[in-house]
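Inspection log for the structure reproduced underneath, given as structure tokens.
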Amino acid sequence: MNAVKQPIKFVHKLCDWYRANRRDLPFRENPDPYRILVSELMLQQTQMDTVIPYYMRFIEQFPNVASLAAASPESVLKAWEGLGYYRRARYLHQTAQTIMHKHNGVFPKTVSALKQLPGIGNYTAGAIASIAFNLPVPAVDGNVIRVMSRVLAEDCDFSQRKNVQQLEVLLEQLIQHDRPSDFTQALMELGALVCQKKPRCERCPVNAHCLAYANNEMMRYPHMPAKAQKTKLSYYVFLIGNSEQGYVFQKRPEDGLLAGLLQLPQYAGPFQTACKLLEEDLGISIVKTESLFLVHHVFTHIIWDMQVIHTIITDDASLTLHTLDNLPGTLSKAHRKILERLEK
DNA sequence: TAGGCGTGGAT
DNA sequence: TATCCAAGCCT
């Protein structure tokens, strides 16, 4: 791996730029490790603008580790509703409980101790250690890989761990030369504001140190490996009920996609089989069905095509109906889209 | 280690 | 519309 040209100058220019240009973000108001923890978990694979309103509500509802640890898993999941990657909510909750019960409410302050907490991996441990505790340890996320692969003109595949480890060694040297908290955030802030997918090199504080810029090959980095094709799945989604009294919901399995979340009754085809399964699961009899519309929903690795079926059943007082503001759990976006379309 | 795991913004 | 991919982690 190449070295950075004039590394000490590079670090000071980068950190000075950060201190002059950093955004006012809610979790930058104070370096409370709990707030850094919550923000980092929310920001995993999720954009800033999406996270901020969730973060504000979450901190108001669970202002510290103790209040989060004492909360029910359901209430934490509900606060996460719509943010995606719902495992993160469960991990965050478990981490709060571990800190309260195994660390006596005191935040672990080493990378190795942080990494033992659920949901905290290599990046997040480094981010908390450097940002909240100002320790000189690197935190390599997608921004840092984009910035540094260009600065170094390094086209290796950073989805491979050994290459990230090499970058960490290099950054561990650089971070010694300024405030670690500023250095970590400066690299990410540069990636977010300047060294974007389409970089704005003319406003970059370290373009004089950038090998990709010198070679005019910015768009070549970072090198991304090809991604697997998405699997397409088709379902029938059964609408039982009406907009006034609500609809029938069912709970998804406790593991896998959208684990433990609510959904409208949903079955794979063929149609007759789907109807039979619906009748067996709910203990009902279908009187009449009407095909309404198709809803398309794209996940990271799967595509759902959901054919929505309005379903009339024989009178059955044992079924419980729920409206959107009266749900006994957390609803996925895929099915919320269906209900929102019905209201139009 | 490669693939599972959500959602929304940008293009 | 289709594709990419964003402050990743876990198994």
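Chain naming here is simple, since letters A, B, ... match the order of the sequence lines and numbering starts at 1 in each.
With DNA chain C read from its 5' end, the first of the two nearest nucleotides for A/Met48 and A/Tyr91 is the one closest to A/Met48.
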Show your working on ring pair (Phe, Tyr, Trp, His ring centres under 6.0 Å) between A/Tyr91 and A/His93 and close with a plain yes or no.
-> CA-CA 5 Å; A/Tyr91 289 145; A/His93 188 218; over 10 Å; no
Do A/Tyr54 and A/Trp80 pass the ring pair (Phe, Tyr, Trp, His ring centres under 6.0 Å) test, and can you show the C-alpha distance, the side-chain angles, and the key distance before you say yes or no?
-> CA-CA 7 Å; A/Tyr54 281 90; A/Trp80 208 271; 7.8 Å; no
Extract all donor-acceptor atom pairs below 3.5 Å that involve side chains of residues 225-241 of chain A and protein atoms in other chains or at least two apart in sequence.
from	atom 1	to	atom 2	distance (Å)
A/Lys230	NZ	A/Thr300	O	2.9

Under 3.5 Å, sequence neighbours excluded: what are the donor-acceptor pairs made by side chains of residues 131-148 of chain A?
from	atom 1	to	atom 2	distance (Å)
A/Asn134	OD1	A/Ser181	N	2.9
A/Asp141	OD1	A/Asn143	N	3.2
A/Asp141	OD1	A/Val144	N	2.9
A/Asp141	OD2	A/Asn143	ND2	3.4
A/Asn143	OD1	A/Arg146	NH2	2.7
A/Arg146	NE	A/Cys195	O	2.7
A/Arg146	NH2	A/Gly191	O	2.8

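Contacts with DNA chain B (heavy atom under 4.0 Å) in residues 217-225 of chain A: none are found. If you check residues 145-160 of chain A against DNA chain B, you find no residue with a heavy atom closer than 4.0 Å. Less than 4.0 Å separates DNA chain C from at least one heavy atom of each of the following residues of residues 26-36 of chain A: A/Phe27, A/Arg28.
Nucleotides B/dG3 and C/dA7 place their P atoms 23 Å apart, quoted to the nearest Å.
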Nucleic acid footprint by protein, nucleotides 5-11 of chain B - heavy-atom cut-off 4.0 Å, B for base, S for sugar-phosphate alone | BBBBS--
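Ionic pairing of A/Lys13 and A/Asp16 is not present here: no N-O contact between side-chain nitrogen and carboxylate oxygen is shorter than 4.0 angstrom. Using a 4.0 Å cut-off between charged side-chain N and carboxylate O, A/Arg336 and A/Glu81 make a salt bridge.
Bracketed by its first and final contacts, the part of DNA chain C lying under 4.0 Å from non-hydrogen atoms of chain A reaches from C/dC5 to C/dC10 in 5' to 3' order.
A/Tyr55 and A/Phe27 have perpendicular rings, their planes meeting at more than 60° on a 0 to 90° scale where under 30° would count as parallel.
Contacts classified as salt bridge (Lys or Arg N to Asp or Glu O under 4.0 Å) and involving residues 21-30 of chain A (residues at least two apart or in different chains) are given here: A/Arg23-A/Glu189, A/Arg28-A/Glu189. Listed by first and then second residue, the ring-ring contact (aromatic ring centres under 6.0 Å, His included) pairs that reach into residues 136-171 of chain A come to none, sequence neighbours excluded.
Partners of A/Gln45 by side chain to side chain donor-acceptor pair (under 3.5 Å), not counting sequence neighbours: none found. Under the side chain to side chain contact (heavy atoms under 4.5 Å, CB included) criterion, A/Asp255 pairs with no residue, sequence neighbours left out. Applying the side chain to side chain contact (heavy atoms under 4.5 Å, CB included) rule to A/Asn30 yields the partners A/Asp32, A/Arg35; only residues at least two apart in sequence or on another chain are considered.
Residue contacts for A/Arg23: at a heavy-atom cut-off of 4.0 Å it reaches a base atom on one of the strands shown. Residue contacts for A/Leu92: at a heavy-atom cut-off of 4.0 Å it reaches no nucleic acid atom on any strand shown.
Between the side chains of A/Thr323 and A/Asn326, not a single donor N or O lies within less than 3.5 Å of an accepting N or O. No side-chain donor-acceptor contact under 3.5 Å links A/His209 and A/Lys9.
Remark: A/Thr124 OG1 to A/Arg88 CZ distance equals 10.0 Å, nearest 0.5 Å.
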